[in-house]
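One-based numbering along the sequence shown. Owing to the predicted nature of the structure, the values given are computational and were not obtained by experimental measurement.
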Amino acid sequence: MNEWIEEIRMYFRNMTLGEISMSPYDTAWVARVPALDGSHGPQFHRSLQWIIDNQLPDGDWGEPSLFLGYDRVCNTLACVIALKTWGVGAQNVERGIQFLQSNIYKMEEDDANHMPIGFEIVFPAMMEDAKALGLDLPYDATILQQISAEREKKMKKIPMAMVYKYPTTLLHSLEGLHREVDWNKLLQLQSENGSFLYSPASTACALMYTKDVKCFDYLNQLLIKFDHACPNVYPVDLFERLWMVDRLQRLGISRYFEREIRDCLQYVYRYWKDCGIGWASNSSVQDVDDTAMAFRLLRTHGFDVKEDCFRQFFKDGEFFCFAGQSSQAVTGMFNLSRASQTLFPGESLLKKARTFSRNFLRTKHENNECFDKWIITKDLAGEVEYNLTFPWYASLPRLEHRTYLDQYGIDDIWIGKSLYKMPAVTNEVFLKLAKADFNMCQALHKKELEQVIKWNASCQFRDLEFARQKSVECYFAGAATMFEPEMVQARLVWARCCVLTTVLDDYFDHGTPVEELRVFVQAVRTWNPELINGLPEQAKILFMGLYKTVNTIAEEAFMAQKRDVHHHLKHYWDKLITSALKEAEWAESGYVPTFDEYMEVAEISVALEPIVCSTLFFAGHRLDEDVLDSYDYHLVMHLVNRVGRILNDIQGMKREASQGKISSVQIYMEEHPSVPSEAMAIAHLQELVDNSMQQLTYEVLRFTAVPKSCKRIHLNMAKIMHAFYKDTDGFSSLTAMTGFVKKVLFEPVPE
């Protein structure tokens with residue numbers, strides 16, 4: 001593993017403006033540039049040699065690993081024109097023409113989603129160039145007439161006066177308009193680096209007509225860097241950094257590269273604008289895909305970014321890939337969806353983006369239309385399905401990692417003017433490290449789970465007739481969120497506390513007499529085992545399991561915190577059982593509290609606080625009294641409790657009603673008789689959950705006195721509650737979470 005970690009670090013160290021595969025199409029346009037000194041011949045003659053050297057065995061040019069008709073025909077036509085223009089490579093030209101004659105018709109069979117960027121604009125223009133050179137091609141083919149008609153339709157929609165005023169995506173495909181545009185007017189829209197929207201082909205065409213020095217410098221630097229060839233777009237520095245970080249995170253190996261990732265995001269933030277970003281630094285054109293990816297990564301790493309960056313992509317209730325355009329791409333909406341899920345309170349635009357993108361993706365997934373115009377990836381449908389099933393609020397990190405291990409494609413190919421690869425984004429070493437890391441952690445988790453099961457047996461909890469046996473689910477919740485090897489103590493404390501809350505909940509809910517409960521509560525409150533002598537055997541088993549376990553955790557916490565926190569631990573359990581007793585008294589008397597009165601008690605009885613707060617002492621930070629007493633500390637716990645209680649009530653109300661307990665749904669309906677149905681009451685409560693999650697997200701991501709690693713545990717508890725209770729009472733169910741538990745804890749990844 002160390003070898004792979006070092007290899008990935010080398011990717012970071014060597015990172016400049018982006019590593020990207022070469023484009024025969026763009027190289028051909030560069031090769032067409034005539035000598036700038038007026039002599040006969042090409043300015044970049046070595047690019048012609050590159051074209052000759054890189055012809056594929058069947059006479060075409062393009063990405064060798066994948067045959068797509070549009071891509072191969074477009075690349076091949078561009079290369080044949082370049083060679084024919086300068087009268088070189090006659091055999092290469094002949095073989096290229098033979099390929100085109102045989103394969104132009106195959107474009108009719110291609111998926112239109114895989115059409116290269118700007119294809120309808122540039123391809124008809126190249127066919128005119130080919131005809132002028134006398135190339136023997138099927139100019140009257142139906143598919144070519146259809147493409148030309150599409151070009152005419154698009155050209156009528158383009159107000160040429162606007163083309164010279166504002167930077168648009170058309171700057172990326174100017175070679176398709178080289179006979180129609182005024183090149184001197186266009187020079188005012190040239191990018192700082194001399195290119196036209198970072199397109200070598202577009203810039204080469206501009207150089208042909210203007211002989212502009214900045215165009216020449218841009219292309220010359222590319223040819224030096226890439227050994228006389230060109231990629232289809234350059235630079236791609238922001239895109240490469242963002243997608244590399246995203247892949248490492250989703251594969252579960254980002255923790256090995258925290259410093260490098262921070263450097264990457266600081267680099268991106270340096271070029272962040274209020275209106276978003278594009279794929280390259282200082283881009284004059286922004287897109288929703290790069291903006292959304294950057295927004296999410298920057299926000300979740302503590303950078304200050306505002307929702308207004310998405311405003312230019314929003315029009316008439318819809319979000320689009322580029323400002324002024326009217327199309328969406330699955331990946332663009334996928335990343336917009338992921339970004340929108342990190343919304344803060346009051347961010348109405350992001351809320352609209354969340355609704356729109358989710359509906360868009362759901363429709364695409366239901367119609368089996370999860371393919372994209374920007375990338376050909378291994379399992380885009382699976383990625384969309386996971387996002388719909390487990391949005392950010394419900395996505396458990398290790399489950400996401402395990403799922404993405406099956407979806408990550410080392411051969412993913414992007415669609416630009418030609419197909420291209422990004423070796424620092426999709427490669428085998430990422431996958432090797434991710435698989436090895438997952439299996440290593442899983443092996444540790446299995447051993448720890450055995451410890452939890454042995455502890456449960458030593459407490460004799462299996463002898464409790466009323467108690468659900470949930471050791472596996474309890475440990476799974478901790479391991480799925482705090483999976484790192486160094487978090488072993490935190491996981492074990494989490495699991496033990498989770499089991500304790502489960503058996504305590506069952507003890508208070510299974511009909512135990514209230515008088516017995518009061519004695520039990522008093523014993524816990526005074527931490528006195530002698531008070532349980534007169535209680536039934538099962539109550540004694542439960543108390544002693546709690547007593548011994550909390551004392552053990554206190555000893556472990558003393559080692560971790562270098563101080564005694566026993567009083568805090570006892571306080572968490574005291575609060576829990578006091579609230580549980582209050583609910584039992586309500587049930588016995590038939591008392592129905594107000595909604596606010598109920599929530600004040602029920603937010604504690606949902607039993608999340610003893611689990612979370614006990615675990616915090618093992619999160620790697622010293623928690624002093626000023627932190628534990630702070631408003632921020634109590635606020636995040638309150639938000640988690642509220643989220644957990646309402647989600648639990650919505651899915652568990654029928655089960656708990658059979659035990660004589662009331663729920664927030666029932667009380668809300670009684671207080672609001674105008675609410676016509678249970679479904680509408682639930683919808684209102686879900687809105688409360690959503691608002692609480694927005695506030696929790698804000699509190700977790702902003703700087704406060706509470707360490708970020710601790711607030712992450714709070715957030716993960718809220719995610720666990722969403723994951724377990726999104727469709728059913730997944731904790732009480734014997735089967736709802738089985739598949740996910742197996743994936744995370746028991747099924748190794750084939751290496």
Side-chain angles (χ1 to χ4, degrees), residues 17-56 59-64 71-97 99-100 116 118 122 125-126 129-130 133 135 172-176 178 193-236 416-421:
L17 296 179
E19 290 303 314
I20 182 171
S21 60
M22 294 302 99
S23 166
Y25 170 84
D26 287 81
T27 304
W29 274 99
V30 170
R32 287 176 63 176
V33 176
L36 298 180
D37 62 4
S39 60
H40 179 71
Q43 175 65 35
F44 305 109
H45 62 91
R46 290 187 180 178
S47 295
L48 283 170
Q49 188 60 49
W50 185 94
I51 292 171
I52 292 171
D53 293 342
N54 285 272
Q55 188 172 28
L56 298 174
D60 58 341
W61 284 266
E63 169 54 48
D71 175 70
R72 292 293 179 92
V73 167
C74 193
N75 276 292
T76 302
L77 180 60
C79 289
V80 167
I81 290 172
L83 296 177
K84 184 69 175 179
T85 296
W86 302 114
V88 297
Q91 290 185 346
N92 303 84
V93 170
E94 183 179 349
R95 292 174 59 219
I97 290 175
F99 172 85
L100 291 169
V122 303
M126 285 199 300
D129 296 340
L133 288 170
L135 298 180
H172 196 68
S173 305
L174 289 175
E175 69 274 19
H178 67 94
N193 65 358
S195 73
F196 279 87
L197 203 54
Y198 312 110
S199 165
S202 189
T203 308
C205 197
L207 182 59
M208 289 185 206
Y209 282 90
T210 66
K211 297 186 179 181
D212 179 75
V213 174
K214 290 175 68 179
C215 287
F216 171 80
D217 289 342
Y218 167 77
L219 293 172
N220 196 48
Q221 289 171 14
L222 284 188
L223 296 174
I224 292 171
K225 176 177 177 59
F226 294 111
D227 198 18
H228 311 297
C230 288
N232 87 103
V233 59
Y234 199 80
V236 284
K417 288 186 180 177
S418 57
L419 300 181
Y420 65 99
K421 291 188 174 184

Applying side-chain hydrogen bond (donor to acceptor under 3.5 Å, both in side chains) as the test, list every pair that has at least one member in residues 78-92; sequence neighbours left out. Gln55-Asn92
CG of Asp227 to CG of Leu222: how many Å apart, nearest 0.5 Å? 13.0 Å
Which is it for Arg32 and Asp129 under the side-chain contact (heavy atoms from CB on, under 4.5 Å) test, yes or no, and what are the steps along the way? CA-CA 11 Å; Arg32 287 176 63 176; Asp129 296 340; 3.1 Å; yes
How close do Phe196 and Cys215 get, counting heavy atoms only, and between which atoms? CE1-SG, 3.9 Å
Could you work out, with side-chain hydrogen bond (donor to acceptor under 3.5 Å, both in side chains) as the rule, every residue matching Asn232, not counting sequence neighbours? none
Return the minimal non-hydrogen interatomic distance between Pro200 and Val30, and the atom names on each side. O-CG2, 4.2 Å
What do the steps show when you test Val80 against Trp61 for side-chain contact (heavy atoms from CB on, under 4.5 Å), and what is the final call? CA-CA 9 Å; Val80 167; Trp61 284 266; 4.0 Å; yes
Donor-acceptor pair, side chain of Asp26 and main chain of Ala201, under 3.5 angstrom: yes
Nearest 0.5 Å please: distance from the CZ atom of Phe99 over to the CD atom of Glu94. 15.5 Å
The side chain to side chain contact (heavy atoms under 4.5 Å, CB included) partners of Val233 (sequence neighbours excluded) come to Ile20, His172, Tyr198, Val236, Trp279
Lys211: which residues meet the salt bridge (charged side-chain N to carboxylate O under 4.0 Å, His left out) condition with it, sequence neighbours left out? none
Taking only residues at least two apart or on different chains, which pairs with a member in residues 200-210 satisfy side-chain hydrogen bond (donor to acceptor under 3.5 Å, both in side chains)? His178-Tyr209
In a table with atom names and distances, give each donor-acceptor pair under 3.5 Å that connects a side chain of residues 38-45 to protein atoms at least two apart or in another chain.
residue	atom	partner	partner atom	Å
Ser39	OG	Asp37	OD1	2.6
Gln43	OE1	Leu36	N	2.8

For Asp212, give me all partners under salt bridge (charged side-chain N to carboxylate O under 4.0 Å, His left out), at least two apart in sequence or on another chain. none
Would you sort out whether Val122 and Tyr25 count as a side-chain contact (heavy atoms from CB on, under 4.5 Å), showing the intermediate values? CA-CA 11 Å; Val122 303; Tyr25 170 84; 3.4 Å; yes
Check: Asp71 side chain, Leu419 main-chain N or O, donor-acceptor pair, under 3.5 Å: yes
How far does SG of Cys205 sit from CG of Leu207, to the nearest 0.5 angstrom? 9.5 Å
Between CG on residue Leu77 and CZ on residue Arg72, distance to nearest 0.5 Å: 15.0 Å
Can you tell me if Ser23 and Lys417 form a side-chain donor-acceptor pair at under 3.5 Å? no
Please enumerate all residues that pass side-chain hydrogen bond (donor to acceptor under 3.5 Å, both in side chains) together with Ser47, with sequence neighbours excluded. none
Residues Leu83 and Gly89: closest non-hydrogen pair is CD1-O, 4.4 Å
Residues that Gln221 engages under side-chain hydrogen bond (donor to acceptor under 3.5 Å, both in side chains), provided they are two or more places apart: none
The side-chain hydrogen bond (donor to acceptor under 3.5 Å, both in side chains) partners of Asp217 (sequence neighbours excluded) come to none
Which pairs with one or both residues in residues 38-52 pass salt bridge (charged side-chain N to carboxylate O under 4.0 Å, His left out), sequence neighbours excluded? none
Who passes side chain to side chain contact (heavy atoms under 4.5 Å, CB included) against Lys421, sequence neighbours left out? Ser21, Glu63, Ser65, Asp411, Ile413
